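Report on the following structure.
Small disclaimer: the values here were computed from a predicted structure and weren't measured.
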Amino acid sequence: MHFPKVSTAVGLLALLPATIASPLGLFHRDSSTGRPKLGNIPYGVDINHCTVPGTIALTYDDGPYIYTSEILDLLKEFDAKATFFVTGNNIGKGAIDSPSQPWAGVIKRMESEGHQIASHTWTHQDLSAISESARKDEMYNNENAIRNIIGKFPTYMRPPYSSCTANSGCVRTMEELGYHIIYFDLDTDDYNNVTPELIPNAKSNFARAVDGTPAAQNDFLAIAHDIHEQTARSLTRFMLETIKKNGYKAVTVGECFGDSKDNWYRS
């Protein structure tokens with residue numbers, strides 16, 4: 001799974017939420033920025049593991065949502081960093097850059113507090129099951145919405161449903177667009193355990209992987225979803241406590257690869 005009164009011009013922009021005005025001007029959906037390959041992390045290949053021992057990259061898909069700020073509060077409490085694979089307009093939340101929605105403020109907070117913002121597409125489509133033009137639109141639309149908010153857009157992405165196959169052309173598209181394709185090696189399965197009665201299963205999945213492992217020799221790339229209440233209010237604290245107890249450091253995906261923050265975004 002993975003309105004106040006406004007001027008005519010602003011009203012028109014609200015109809016096209018991924019093309020609203022920003023400090024950098026008006027961005028359109030046919031992104032045409034240059035896309036040099038930044039850093040040494042491979043582009044257009046599946047990446048499932050971190051490379052820096054002692055790190056655990058906590059990642060959250062599908063948000064921002066009404067629980068995301070609670071996760072940010074917990075990360076701040078633990079002096080921990082995470083990566084948010086943001087979806088632009090899903091689960092009925094409205095476009096992330098719409099002036100009528102609160103999501104731009106949440107994303108700005110992510111960035112200002114040192115977390116990494118990555119792409120999880122615009123509307124959470126299966127990228128292996130749609131056309132090339134539709135696939136590019138999913139990426140362009142999210143790029144432009146994120147850029148409208150923070151003035152830059154990511155070089156890291158995660159495919160919805162973990163689906164970006166070579167046969168469909170998706171891997172080639174992501175390489176062409178200059179994206180690192182990020183999967184995971186620790187699945188909390190939180191989205192299948194969304195009630196208070198079931199969330200202990202997600203906790204067990206995390207603990208079973210991490211507990212008792214020597215941090216100096218191991219690293220993990222974990223997936224969760226910030227659209228679920230129990231992930232925010234139960235699982236996240238448990239993960240952060242488990243990380244601390246076992247001597248690991250909670251970091252961004254870029255940090256768990258040793259990739260400079262300068263390489264995480266394009267402007």
Side-chain angles (χ1 to χ4, degrees), residues 1-2 39-63 71 75 78 80-87 115-121 124 126-128 154-166 170-171 174-175 179-193 199-228 230-231 235-259 263-264:
M1 288 294 303
H2 284 277
N40 298 317
I41 311 303
Y43 290 81
V45 300
D46 296 353
I47 300 175
N48 300 281
H49 310 286
C50 295
T51 60
V52 177
T55 63
I56 296 182
L58 294 181
T59 68
Y60 295 90
D61 287 12
D62 297 347
I71 292 174
L75 293 168
F78 280 81
K81 304 304 178 189
T83 300
F84 292 88
F85 286 90
V86 167
T87 309
H115 305 295
Q116 184 174 359
I117 298 160
S119 180
H120 198 46
T121 75
H124 206 275
D126 182 341
L127 297 180
S128 299
T155 59
Y156 286 70
M157 65 84 65
R158 176 174 284 150
Y161 313 107
S162 296
S163 177
C164 182
T165 66
C170 180
V171 171
M174 295 306 114
E175 196 279 334
Y179 278 101
H180 307 296
I181 305 172
I182 307 299
Y183 291 102
F184 48 88
D185 58 12
L186 200 175
D187 186 359
T188 65
D189 199 32
D190 62 330
Y191 70 95
N192 282 321
N193 295 281
I199 199 64
N201 295 328
K203 293 179 180 180
S204 294
N205 291 335
F206 190 84
R208 189 165 49 246
V210 175
D211 274 344
T213 58
Q217 302 168 27
N218 290 278
D219 48 68
F220 297 95
L221 208 175
I223 183 174
H225 300 76
D226 53 321
I227 63 171
H228 299 303
Q230 289 302 309
T231 296
L235 176 61
T236 292
R237 179 175 291 276
F238 177 84
M239 292 193 295
L240 291 167
E241 289 174 343
T242 301
I243 289 169
K244 183 177 180 179
K245 177 182 69 175
N246 286 277
Y248 287 90
K249 183 179 181 181
V251 301
T252 66
V253 170
E255 289 171 323
C256 93
F257 297 141
D259 192 27
N263 300 328
W264 300 356

- prompt: How far apart are the C-alpha atoms of Asp190 and Thr231, what are their side-chain angles, what is the distance that settles it, and do they pass the side-chain hydrogen bond (donor to acceptor under 3.5 Å, both in side chains) test?
  reply: CA-CA 7 Å; Asp190 62 330; Thr231 296; 2.7 Å; yes
- request: Using the side-chain hydrogen bond (donor to acceptor under 3.5 Å, both in side chains) rule, take Tyr60 and Thr236 through it: C-alpha gap first, then chi angles, then the decisive distance, then the call.
  value: CA-CA 10 Å; Tyr60 295 90; Thr236 292; 2.9 Å; yes
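Taking the side chain as every heavy atom from C-beta outward, Phe184 and Thr59 never approach each other to under 4.5 Å. Within the 4.5 Å cutoff, the side chain of Tyr183 has heavy atoms near those of the Cys164 side chain. Taking 4.5 Å as the limit, some side-chain heavy atom of Leu75 sits within range of a side-chain heavy atom of Leu240. Taking 4.5 Å as the limit, some side-chain heavy atom of Thr188 sits within range of a side-chain heavy atom of Met239. Under the 4.5 Å side-chain criterion, counting only non-hydrogen atoms from C-beta, Ile243 is not in contact with Phe78. Looking at heavy atoms from C-beta onward, Thr252 lies out of side-chain contact with Asp259 at the 4.5 angstrom threshold.
In this structure, the separation between CD1 on Ile41 and CG on Asn263 is 8.0 Å, given to the nearest 0.5 Å. The CG atom of Asp226 sits 12.0 Å away from the CG atom of Leu58 when rounded to the nearest 0.5 Å. Rounded to the nearest 0.5 Å, atoms OG1 (Thr83) and CZ (Arg158) are 8.5 Å apart. In this structure, CD in Glu241 is found 11.0 Å from CZ in Phe206, a value given to the nearest 0.5 Å. Once rounded to the nearest 0.5 Å, the distance linking CG of Asp61 with OG of Ser162 reads 8.0 Å. To the nearest 0.5 Å, atoms NE2 (His180) and CE (Met157) are separated by 12.0 Å.
Side chains of His120 and Asp62: a donor on one and an acceptor on the other come within 3.5 Å. With no hydrogens or angles considered, no side-chain donor-acceptor pair links Tyr161 and Ser128 at under 3.5 Å.
Across all their heavy atoms, Ala215 and Gly247 have their closest contact at CB-O, 3.5 Å. Between Ile182 and Pro159 the shortest heavy-atom distance is O-CD, 4.0 Å. Contact between Leu235 and Ala224 at its shortest, heavy atoms only, is CD2-CB, 4.4 Å. In this structure, His124 and Thr87 approach most closely via the heavy-atom pair N-CG2, 3.8 Å. Of all non-hydrogen atoms in Gly212 and Asn246, the two that sit nearest each other are N-OD1, 3.0 Å. Between Ala216 and Pro53, the shortest heavy-atom contact is O-CB, 3.3 Å.
Partners of Asp189 by side-chain contact (heavy atoms from CB on, under 4.5 Å), not counting sequence neighbours, listed by chain and number: Asp187, Tyr191, Asn192, Asn193, Asn205. In this view, Lys244 satisfies the salt bridge (Lys or Arg N to Asp or Glu O under 4.0 Å) rule with no residue, not counting sequence neighbours. Evaluation of the side-chain contact (heavy atoms from CB on, under 4.5 Å) rule for Val52 yields Thr55 as partners, not counting sequence neighbours. Remark: Phe238 engages no residue in a ring-ring contact (aromatic ring centres under 6.0 Å, His included) (not counting sequence neighbours). Residues passing the salt bridge (Lys or Arg N to Asp or Glu O under 4.0 Å) test with Glu255: none are found, sequence neighbours excluded.
When Asp219, Val251, Val210, Thr242 are each tested for a side-chain contact (heavy atoms from CB on, under 4.5 Å) with Ile56, only one passes: Val210.
Thr155 contributes a side-chain N or O that, together with a main-chain N or O of Trp264, makes up a donor-acceptor pair within less than 3.5 Å. Distance alone, capped at 3.5 Å, places no donor-acceptor pair between the Asn218 side chain and the Thr213 backbone. A donor-acceptor pair under 3.5 Å links the side-chain atoms of Asp185 to the main chain of Leu221, judged by distance alone.
Residues in residues 200-210 take part in no salt bridge (charged side-chain N to carboxylate O under 4.0 Å, His left out) pair, two or more places apart or across chains.
A parallel orientation is assigned to the rings of Tyr156 and Phe257, their planes being inclined by less than 30° (bins at 30° and 60°).
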